[in-house]
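What follows is a single structure, written as structure tokens, with notes after it.
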Number of protein chains: 2
Amino acid sequence: MSGREPALEVRSKIWLEIDGEPVFGEGREELLRLVRKNGSINAAAREMGIPYRKAWTYVDAMEKRLGFPVVVRRKGGTGGGVSTLSPQAAALLDKFHRLKKDFNGLVNRKFLRLGF
Amino acid sequence: MSGREPALEVRSKIWLEIDGEPVFGEGREELLRLVRKNGSINAAAREMGIPYRKAWTYVDAMEKRLGFPVVVRRKGGTGGGVSTLSPQAAALLDKFHRLKKDFNGLVNRKFLRLGF
DNA sequence: GATGCGTTATACCAAAAACGCATAACGCGG
DNA sequence: CCGCGTTATGCGTTTTTGGTATAACGCATC
């Protein structure tokens, strides 16, 4: 009815904050998942295609804001070092995963097909 | 059962993109609303508490991406100039407002009380 | 007990983006 | 034709982000 409309698309996202600062979102979630899988921040960063520096900054910021260890890391030793998720971080990761899944399902069903 | 938990809060937002670039979100919505109300980009910026430069950049970027005029502006003349919303922009504004309202209602009911 | 290795950790420089001030352009009213 | 307040834009500054280089570390091996 109205001339051709631009290819607008609706986007949305959900994340966690603490004191107004983001602590947990899409990217950090994937990072932690890969750390758990690989036992290494370095390997996780490589697999994500981001520089190690950035990954480390993510982890550091998360810990500062959350106030508890997120990644238990050891430098040196066998293999040069190793990193594992803290139990609290693992729990948070799973919790957030469920939250995001519900959220995405809801939003996709509800909005993306409304022909905006 | 688990010691004291940090004051995590769930946040989310919705916006419009075109070719992966954001065109319409919280801030731009308010800006356009104030432009409509005041008939001036300048006054809208003042009321929003952002520099005029920034407001103008917003409008300019929106128009470049949307491909149609968003704010019909005239410089010079009575009062120094005047700006009004284009009909298309006004329609988009209302549409987005409803979308956001639904979205927020949904999210608030569904997630924010789940005691994350 | 010295050395090698691959990781964590951090310093530092470069690039990019955001910010803000200054100034030009404009057109109607007086 | 001058003043006024708005739109429009150039440009230097500041802040953020990105990426490279280098140090610190500790176990295994020799």
Side-chain angles (χ1 to χ4, degrees), chain A residues 15 17 19-28 30-66 68-86 89-90, chain B residues 15 17 19-28 30-66 68-86 89-90:
Chain A
W15 71 98
E17 284 188 359
D19 294 334
E21 297 293 320
V23 273
F24 215 96
E26 196 98 2
R28 290 156 223 261
E30 185 185 358
L31 177 63
L32 291 198
R33 180 160 287 116
L34 290 177
V35 167
R36 176 163 62 182
K37 171 189 164 197
N38 294 326
S40 158
I41 297 177
N42 203 331
R46 277 198 305 271
E47 192 170 336
M48 261 188 88
I50 64 174
Y52 167 81
R53 172 65 213 258
K54 188 173 182 179
W56 184 88
T57 301
Y58 275 177
V59 173
D60 189 58
M62 288 176 71
E63 294 190 334
K64 279 199 176 64
R65 284 165 191 164
L66 285 172
F68 60 78
V70 170
V71 174
V72 178
R73 332 167 226 187
R74 193 189 67 215
K75 62 179 171 181
T78 307
V82 71
S83 291
T84 59
L85 283 193
S86 73
Chain B
W15 71 97
E17 285 189 357
D19 295 332
E21 296 294 319
V23 275
F24 215 95
E26 196 98 2
R28 291 157 222 260
E30 185 186 358
L31 177 63
L32 290 197
R33 180 159 287 116
L34 290 176
V35 167
R36 177 163 61 181
K37 171 189 164 197
N38 294 326
S40 157
I41 297 178
N42 203 331
R46 276 199 304 273
E47 192 169 336
M48 261 187 88
I50 64 173
Y52 166 80
R53 179 64 216 254
K54 187 174 182 178
W56 185 88
T57 301
Y58 275 178
V59 173
D60 189 57
M62 288 176 71
E63 293 191 335
K64 279 200 176 64
R65 284 167 190 164
L66 285 172
F68 60 78
V70 169
V71 174
V72 179
R73 336 169 221 184
R74 193 188 67 217
K75 64 179 171 182
T78 307
V82 71
S83 291
T84 60
L85 283 194
S86 73

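Computed over heavy atoms, backbone and side chain alike; hydrogens, waters and symmetry mates excluded. All values reported here derive from a predicted model rather than from experimental measurement. Chain A is the first sequence line, chain B the second, and so forth, proteins listed ahead of strands; every chain is numbered from 1.
- Residue-to-nucleotide proximity on DNA chain D shows that, of B:G76 and A:P51, the 5′-proximal contact is made by B:G76.
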Do B:D19 and B:R65 pass the side-chain contact (heavy atoms from CB on, under 4.5 Å) test, and can you show the C-alpha distance, the side-chain angles, and the key distance before you say yes or no? CA-CA 9 Å; B:D19 295 332; B:R65 284 167 190 164; over 6 Å; no
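- In this structure, A:T84 contributes its side chain and A:G39 its backbone to no donor-acceptor pair below 3.5 Å.
- Residue A:T57 is classed as having no contact, given no heavy-atom separation below 4.0 Å to the nucleic acid.
- Heavy-atom nearest nucleotides on DNA chain D were determined for B:R73 and for A:Y58, and the one closer to the 5' end corresponds to B:R73.
- Rounded to whole Å, atom P of D:dG18 lies 17 Å from atom OH of A:Y52.
- Mapping A:G80 and A:W56 onto DNA chain C via the closest heavy atom, the residue that lands nearer the 5' end is A:G80.
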Dump the intermediate steps for side-chain contact (heavy atoms from CB on, under 4.5 Å) on A:W15 and A:E17, then the final yes or no. CA-CA 7 Å; A:W15 71 98; A:E17 284 188 359; 3.0 Å; yes
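- Side-chain to base pairing of A:R53 with D:dG19: one donor and one acceptor N or O lie within less than 3.5 Å of each other.
- Using a 4.5 Å heavy-atom threshold, the side chains of B:R73 and B:V59 count as touching.
- Taking a 4.0 Å limit (strictly below) on heavy-atom distances, residues 33-41 of chain B does not reach DNA chain C anywhere.
- With rounding to the nearest 0.5 angstrom, the CE atom of A:M62 is 4.5 Å from the CZ atom of A:F24.
- Applying side chain to side chain contact (heavy atoms under 4.5 Å, CB included) to B:I50 and the options B:E47, B:M48, B:R46 leaves one that passes, B:M48.
- Atom OG of A:S83 and atom CG of A:L32 lie 11.0 Å apart (nearest 0.5 Å).
- The CD1-P distance, from A:I50 to D:dT20, rounds to 13 Å in whole Å.
- Put simply, chain B comes within 4.0 Å of DNA chain C, heavy atom to any atom, from C:dC19 to C:dG29, going 5' to 3'.
- A donor-acceptor pair under 3.5 Å links the side-chain atoms of A:E63 to the main chain of A:V71, judged by distance alone.
- The shortest distance between the side-chain N/O atoms of A:R74 and the OP1/OP2 oxygens of D:dC25 is not below 4.0 Å.
- The shortest side-chain heavy-atom distance between B:V35 and B:L85 falls under the 4.5 Å cut-off.
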